[in-house]
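Heads up, the thing below is written out as structure tokens.
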Amino acid sequence: MACMSDAPLRLYLVDGSGFIFRAFHALPPLTRKSDGLPIGAVSGFCNMLWKLLVDMKAQPDSPTHLAVVFDHSEKTFRNKIYPEYKAHRPPAPEDLVPQFPLVREATRAFGVHALEQPGFEADDLIAAYARQVREAGGQVTIISSDKDLMQLVGDRVTMLDTMKNVRIGPDQVVEKFGVLPDKVVEVQALCGDPVDNVPGAPGIGVKTAALLINEYGDLETLLARAGEIRQDKRRQILLEFADQIRLSRQLVQLDDQAPLPSALEELAVADPDPDALAAFLQEMELNTLGRRVAGAHLAAKAQAPADQTAAAEPVDVAAYACVRDLPTLDVWIARAQAAGVIAFDTETDALGSATAGLVGVSLAVGPGEACYIPLAHEPEPGLALDAPGDLTQIPLATAIDRLRPLLEDPSILKVAQNAKYDLGVLSRYGVQVSPVEDTMLISYVLEGGLHGHGMDELSRLHLGHSPIPFKQVAGTGKAQKSFRHVALEPATAYAAEDADVTLRLYRVLRPRLRKEGLLTVYETLERPMPPVLAAMENAGVRVDPERLRRLSNDFSVRMGELEAEAHRLAGHPFNLGSPKQVGEVLYGQMGLQSRRTTATGAQGTDASVLEELAAEGHALPRVLLDWRQLSKLKGTYTDALAAAIAPATGRVHTSYALASTTTGRLSSTDPNLQNIPVRTEEGRKIRQAFVAEPGNVLISADYSQIELRLLAHVGDIPQLKDAFARGLDIHAMTASEVFGVPIEGMPAEIRRRAKAINFGIVYGISAFGLAAQLSIPREEAGDYIRTYFERFPGIRAYMDQAKETARRQGYVTTLFGRRVHIPAVQARSQAERAFGDRAAINAPLQGASADIIRRAMIRMPGELAAAGLKTRMLLQVHDELIFEAPEAEAATASEVIRRVMAAAPLPAVALSVPLVVDVRAAANWDDAH
DNA sequence: GCGATCACG
DNA sequence: GACGTACGTGATCGCA
């Protein structure tokens, strides 16, 4: 990063020797594991330097220049004038000697200059650089606590003791030497320094020296007037040792004329080369620091502002064209054809692509070269009279016909941000856009888990540019208007900018896929998804509104009864939907003991708490539980689902998010069809409202225990693999191993516990979590886990390896190469790191499962069509796919589906366990599941 | 806008 | 053995 020429110069000089000796003496004798090389000082040095670099950056006045200064091993000029100087010092400890060159190497690895000069001490170099910066009007900070450097302190020079975190200015110097910095040398000359073997005047210490200097002003005056001193001994010493004192002065006086090994400009602060630094730390086997450094690098990369080349030309929204006639459109289409790679975006009048109407299309053919083609803008109702404006546009059908050849041209690449949306809209207008790339998905592959992948965020991150917010053109809240009613000028700025930014993002991000070894992941797991999901969303699923309405009524009536009962038990009315009021009734009024507090400290009233209270024989908690269940079902499902039926199709069209999870799973919104109730009898009634069209059936196909099977494969656990190969009941098998109970005639409770353990393993088990799940004491849960690890030692190894990988790289990888970044593993707090550890254990399993079902989904439409079937894929629920099939082809379709799903990992990965797929067909989802 | 709660895999 | 605790989601409600 360039530094402004007129910016003030701020130089940090690190006393390297000080760092080394502090590190060496502060740490136990650490050695490199692989060969026993002593590295305690290197380790401490690196940690201190890293901390300094981090702290430094955080400061408002962070330095512009930085260097670490070392003593050179040769004798210095001081030895020439006084051979005994530092002569009494024992040689450096044996295990420190080999570390001196390593420390210099470490300094360079951190991107910092290591300075030394034959014939001079580090302190002289520091003095010389300090002088130069001082004279240039800059500021110097010396990172050291060495008193010999205190003579340099002044207006523009301070010292900083990073270990004790104290600044040393003139006041601190006076405290130490009794004089201001400019007189320190004189005091030192008098009192000498046993550490460096500087003789000084025998019998005179700091106190007396300061007294004398303060009285006489300076050393020469003192020596000249020594005869006046009253105290006999003091007078005699000064007279007798005058030469020795002058010599001492020479020894302690730092040489600020020392030749500089590097010019000041070369010391400009620079970021280290991350690869070189990682290599050095790895070579030294300093893994903890390596992880910390790697984590910081990842974080910095994620926040890195603009790539200079991509952001080269600033975004100018006024320069975009608004295309309103055919000749102009044809010019843009010709430019697009010439470009070969374009970005495009669609504007619509609603959120869901499955129901939204097309309002306009924008194209970008180069950075800054973008246009908007309005197709269905209208005057805002009620405003037509006073602001008619000119809304001449190319008729929608005409424009589509012109654009179709371009959008379907196999030789022209169309880039979109969240392509699924645009493909979904355009396919309803008869355009099958291809080939397509998606900047959102490229970002997801590169940096999933580090940040979101929406266009605004990516633009800020990679282009350093904040696009016009949608709210700015369409308004916000109740006043928000359809894009259809946005005037052409702001619409052009907003829409064309999106295409422009998308193209720029593509140029920045796409090359990284190959460089970072993620091209295959993108091409096989991401890029094919948008058309598949767009088709599923457009298909929607039939939901029986009449059935939902009856359910809703039923729930309402029963909720009313429960509410009345609750009010009677409480003795007064209260809002059952308010956890606060529920808490007041239970814990305040009725005097029950709360057993858990929520994150904010409130007394918890969640289902597990109410269950415990109910089990103690209290009546109200049970009523609350029943009411809550119905309230949830009615509020979140029956009423909301009925409202979500699109009038145009009579079906419910969810929206799948491709880049919202950390693991590669999809998520479903508006409405969420991935959390339709199934666990309770009442809940399943909602599932029964999901039905097939007359003459059709729903087919549900789900992977059986896919994550446990992946654990068996990835962790290479022989017993698990064997059990799956033989088609055994995996939970019963686990139970017999852990509890020593034969599988035959096993009590249901034992199997239930084993099942909970198996789930827990996949989540990165903890005794606390398992205890909560099973309502057993933590100690007992701990015993189960211990036994489990003893029976399946490979699992412990898998977990340790997952954690280690995450800490080292900042991410873990699935079987199919997907990277899941887990920044939490490198957080400050222990708790957060533990969180990251569990995520690191879970992510390869959940992620591989997500990869597998993606592979199946990508192949499915082609395989169904190839089998001559009309069966359509409608929904995905993580390990389950739901299809709608004409009754007559249900059996054939089921077999195609089973085959495609079971073989989905191939040919990329041959699992060492079979994938079992359960397939069922029925008139509604509940019966099919 | 956020926390609590609860629906799913 | 410390840390707070199961992994990953989204919708709704009450309440500031």
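Only this structure's heavy atoms are used, side chains among them; waters, hydrogens and symmetry mates stay out. Just so we're on the same page: letters track the sequence lines, and every chain starts at 1.
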Rounded to whole Å, please give me the gap between [atom1] in [X] and [atom2] in [N].
X	N	atom1	atom2	value
A:L633	C:dA11	CG	P	17 Å
A:L576	B:dC6	CG	P	13 Å
A:E682	B:dC8	CD	P	13 Å
A:K685	B:dA7	NZ	P	15 Å
A:F690	B:dC8	CZ	P	13 Å
A:H929	B:dC8	NE2	P	10 Å
A:I765	C:dC7	CD1	P	12 Å
A:R838	C:dG4	CZ	P	11 Å

Establish, with yes or no, whether the OP1 or OP2 oxygen of [N] is under 4.0 angstrom from a side-chain nitrogen or oxygen of [X].
X	N	answer
A:K580	C:dA16	yes
A:R679	B:dC8	yes
A:S631	C:dC13	no
A:S578	B:dA4	no
A:T598	B:dT5	no

**Asked** Any sub-3.5 Å donor-acceptor pair from A:R547's side-chain atoms to A:A689's backbone N or O?
**Response** no
**Request:** Check for a donor-acceptor pair, side chain of A:R687 on one end and backbone N or O of A:P677 on the other, with a separation under 3.5 Å.
**Result:** yes
Minimum-distance nucleotide to [X] side chain [options: [options]]:
X	options	result
A:Q773	C:dA6, C:dA16, C:dT5	C:dA6
A:N842	C:dG8, B:dA7, C:dA6	C:dG8
A:A831	B:dC8, C:dG4, C:dA6	C:dG4
A:P677	C:dC7, B:dC8, C:dG10	B:dC8
A:D606	B:dC6, C:dG8, C:dT12	B:dC6
A:S667	C:dG10, B:dG9, C:dC15	C:dG10
A:S766	C:dG10, B:dT5, C:dT5	C:dT5
A:Q830	B:dT5, C:dT5, C:dC3	C:dC3
A:R778	C:dG10, C:dT5, C:dC7	C:dT5

Looking for any heavy atom pair under 4.0 Å, which part of the strands does [X] touch: base, sugar-phosphate only, or nothing?
X	value
A:A607	sugar-phosphate
A:A756	base
A:N575	sugar-phosphate
A:N672	sugar-phosphate
A:F759	nothing
A:S829	nothing
A:E880	nothing
A:A843	nothing
A:V762	nothing
A:R596	nothing
A:G764	nothing
A:R628	sugar-phosphate
A:S668	sugar-phosphate
A:I676	sugar-phosphate

**Request:** Please report the C-alpha distance between A:D670 and A:L351 in whole Å, then the side-chain angles of each, then the deciding distance to 0.1 Å, and finally whether the side-chain contact (heavy atoms from CB on, under 4.5 Å) criterion is met.
**Result:** CA-CA 9 Å; A:D670 307 310; A:L351 274 166; 5.9 Å; no
**Request:** Take A:L666 and A:Q674 through the test side-chain contact (heavy atoms from CB on, under 4.5 Å) and record every step on the way to the result.
**Result:** CA-CA 9 Å; A:L666 306 181; A:Q674 290 182 321; 4.2 Å; yes
Inter-nucleotide [atom1] distance ([N], [M]), Å rounded:
N	M	atom1	result
B:dG3	C:dT5	P	14 Å
B:dC6	C:dA2	P	31 Å
C:dA6	B:dA4	P	13 Å

**Identified pairing partner of B:dA7, criterion: Watson-Crick or G-U wobble below 3.5 Å** = C:dT9
Return yes if the base of [N] and the side-chain atoms of [X] contain a donor-acceptor N/O pair under 3.5 Å, otherwise no.
X	N	value
A:R833	C:dG4	no
A:K632	B:dC6	yes
A:Q674	B:dC8	no

**Prompt:** Quick one: are the ring centres of A:Y788 and A:F792 less than 6.0 Å apart?
**Reply:** yes
**Request:** May I ask you to say whether A:E749 pairs ionically with A:R753, meaning some side-chain N is under 4.0 Å from a carboxylate O?
**Result:** yes
**Prompt:** Is it true that atom CD of A:Q593 has more than 12 heavy atoms of other residues, nucleotides or ligands lying nearer than 6.0 Å?
**Reply:** no
**Contact summary for A:E682 and A:R558, nearest pair of heavy atoms** = OE1-NH1, 3.2 Å
**Asked** Given the rule in the side-chain contact (heavy atoms from CB on, under 4.5 Å) test, do A:Q629 and A:L633 qualify, once you have shown the distances and angles that lead to the verdict?
**Response** CA-CA 6 Å; A:Q629 190 196 6; A:L633 294 176; 4.3 Å; yes
